[in-house]
Amino acid sequence: MTRSGLDLLRRMRRNRATPAVRSLVRETVLRPEDLIQPLFVRAGEGVSEPVESMPGVVRHTVESLVETCRHLEQVGIRAMAIFPCIEGSKKNPEGSHANASENILFSAIRAVKEACPGLAIIADVALDPYTDHGHDGLLDARGEVDNDSTVEALKKLAIAQAEAGADIVAPSDMMDGRVKAIRMALDAAGFHGTGILAYAAKYASAYYGPFRDAVKSGSGKSIPKLDKRGYQMDPGNVREALHEVKLDEEEGADMVMVKPAGPYLDIIRAVRGHTLLPVAAYQVSGEYAQIHAAARLGWLDYEATRDESLLAIKRAGADMILTYFAAEVAASLQA
Ligand code: PBG
């Protein structure tokens, strides 16, 4: 008999009693090495341009990009994902600037590789920064994104990225067969060591809005709201995500990604259970914007919400997380 209260053998609160005990029983811990920083780069000099819908995020010049990458290394981040913002005058229906030698992406990759050789560079393989219609590929006569000709263009882009010094190429376009085609093209060009991070389960999500502002694709009044449901996945589907992962794995992907992350924790968990490959999750621009917006209104605690959002993604099964919070969270983990 206990002297007072309930007669309980198991009191879960004992393991929560002090910070020390809590730290002993903590199951999931975020490390700087888990985080990948997405960064935007544009041509030209001068000050970096802020992205209004993503507080703290800018379109870098090559110079400020390199400075930022040095800072990433200092706070313990091991990888960055680079996205170009291309001037409107260089965009066309074919996105041909993607494969132009003067594409700012290539000089940016070279500059980062030279300044920070130990930082892994992940380059996005898709045409949306370069097409005037904002889609990830080439359009057919009906205005649909044509799979096979798009894959041809993506192969060239992936090789050019590898040549510039990308460690990993990340096809984010959701065309069928692109992982195999890119693997074979890289190998044929001698880039056996360049990895492929496949955006395997990428959903047609409303959470990409601020990103499209950042790269100026599909935002603004001249381009109607982009509908990518003909190639990106239906948010209602789970089995299809596993099918996508299986195909990308068979086609030679080295890592697979789930995107978005926070609203798709069940998908991260399911994918983790079905593949032996490392699983990445992308906490996308809209997830970032939401936390900033609520914090600005004073409705959520900024740092606590930010950290919890990332811990939840890791707990769901992600081995690595692309997040716009990467640098600041890594710095706070070091502190
Ligand atoms: C495009 C691409 C997108 C993102 C990464 N690569 C947008 C899209 O598919 O329209 C979104 C990333 C984010 O929202 O942070 N290939």
Side-chain angles (χ1 to χ4, degrees), residues 11-40 48 50-58 68-69 71-81 83 201 203 205-211 213-214 235 257-272 278-335:
R11 286 187 181 267
M12 297 299 282
R13 290 183 55 188
R14 283 193 288 262
N15 284 349
R16 299 176 198 142
T18 66
V21 174
R22 287 197 290 274
S23 76
L24 289 175
V25 302
R26 187 163 301 130
E27 298 174 41
T28 308
V29 183
L30 213 55
R31 309 172 307 155
E33 305 92 294
D34 301 327
L35 306 175
I36 299 168
Q37 178 76 55
L39 294 169
F40 300 103
S48 345
V51 180
E52 209 188 324
S53 49
M54 300 178 74
V57 172
V58 302
T68 302
C69 289
H71 171 69
L72 293 181
E73 289 196 303
Q74 279 162 12
V75 294
I77 302 246
R78 309 305 307 271
M80 60 86 98
F83 298 92
Y203 287 85
S205 172
Y207 286 89
Y208 306 151
F211 174 95
D213 288 345
M257 191 197 294
V258 175
K259 175 181 175 192
Y264 292 80
L265 296 181
D266 58 327
I267 309 297
I268 296 173
R269 169 55 53 196
V271 167
R272 176 65 291 160
V279 176
Y282 198 146
Q283 183 184 52
V284 299
S285 56
E287 299 177 68
Y288 177 84
Q290 262 181 339
I291 291 174
H292 270 282
R296 278 193 180 183
L297 286 165
W299 292 352
L300 286 175
D301 180 272
Y302 174 72
E303 287 175 8
T305 313
R306 175 196 72 189
D307 295 352
E308 185 179 332
S309 72
L310 291 168
L311 193 67
I313 294 166
K314 185 158 181 206
R315 189 196 63 230
D319 299 294
M320 60 195 110
I321 307 171
L322 290 94
T323 171
Y324 300 95
F325 293 122
E328 61 178 76
V329 169
S332 79
L333 290 172
Q334 272 187 339

Residue pair [X] / [Y]: nearest heavy atoms and the distance that separates them:
X	Y	answer
Ser285	Tyr207	OG-O, 3.3 Å
Ala330	Pro32	CB-CB, 3.8 Å
Leu322	Ala81	CD2-CB, 3.8 Å
Leu265	Ile313	CD2-CA, 3.8 Å
Pro235	Tyr203	CA-CD2, 3.5 Å
Val75	Ala327	CG2-O, 4.0 Å

N/O donor-acceptor pair under 3.5 Å between Gln37 side chain and Ile77 backbone
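Such a contact is absent between Gln37 side chain and Ile77 backbone.
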Please check: side-chain N/O of Arg269 versus main-chain N/O of Arg315, any donor-acceptor pairing under 3.5 Å?
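Checking the backbone N and O of Arg315 against the side chain of Arg269, a donor-acceptor pair under 3.5 Å is found.
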Does atom [atom1] of [X] have more than 12 heavy-atom neighbours, drawn from other residues, nucleotides or ligands, at distances under 6.0 Å?
X	atom1	value
Glu73	CD	yes
Arg296	CZ	no
Glu308	CD	no

Measuring from atom [atom1] of [X] to atom [atom2] of [Y], what distance do you get when rounded to the nearest 0.5 angstrom?
X	Y	atom1	atom2	answer
Leu35	Glu328	CG	CD	10.5 Å
Asn15	Arg13	CG	CZ	12.0 Å
Ile36	Ile321	CD1	CD1	9.0 Å
Tyr282	Tyr264	OH	OH	15.5 Å
Glu27	Lys314	CD	NZ	12.5 Å
Arg11	Arg16	CZ	CZ	12.5 Å

Working for side chain to side chain contact (heavy atoms under 4.5 Å, CB included), residues Val58 and Thr68
CA-CA 11 Å; Val58 302; Thr68 302; over 6 Å; no
So do the side chains of [X] and [Y] get within less than 4.5 Å of each other, counting heavy atoms only?
X	Y	answer
Val329	Asp307	yes
Leu39	Leu72	yes
Pro263	Glu287	yes
Val57	Phe40	yes
Asp34	Leu310	no
Arg272	Asp319	yes
Val284	Lys259	yes
His292	Pro210	no

Which label fits Tyr288 and Phe325: parallel for a plane angle under 30°, tilted from 30 to 60°, or perpendicular past 60°?
tilted
Polar contact flag, side-chain donor to acceptor under 3.5 angstrom, Ser309-Gln283
yes
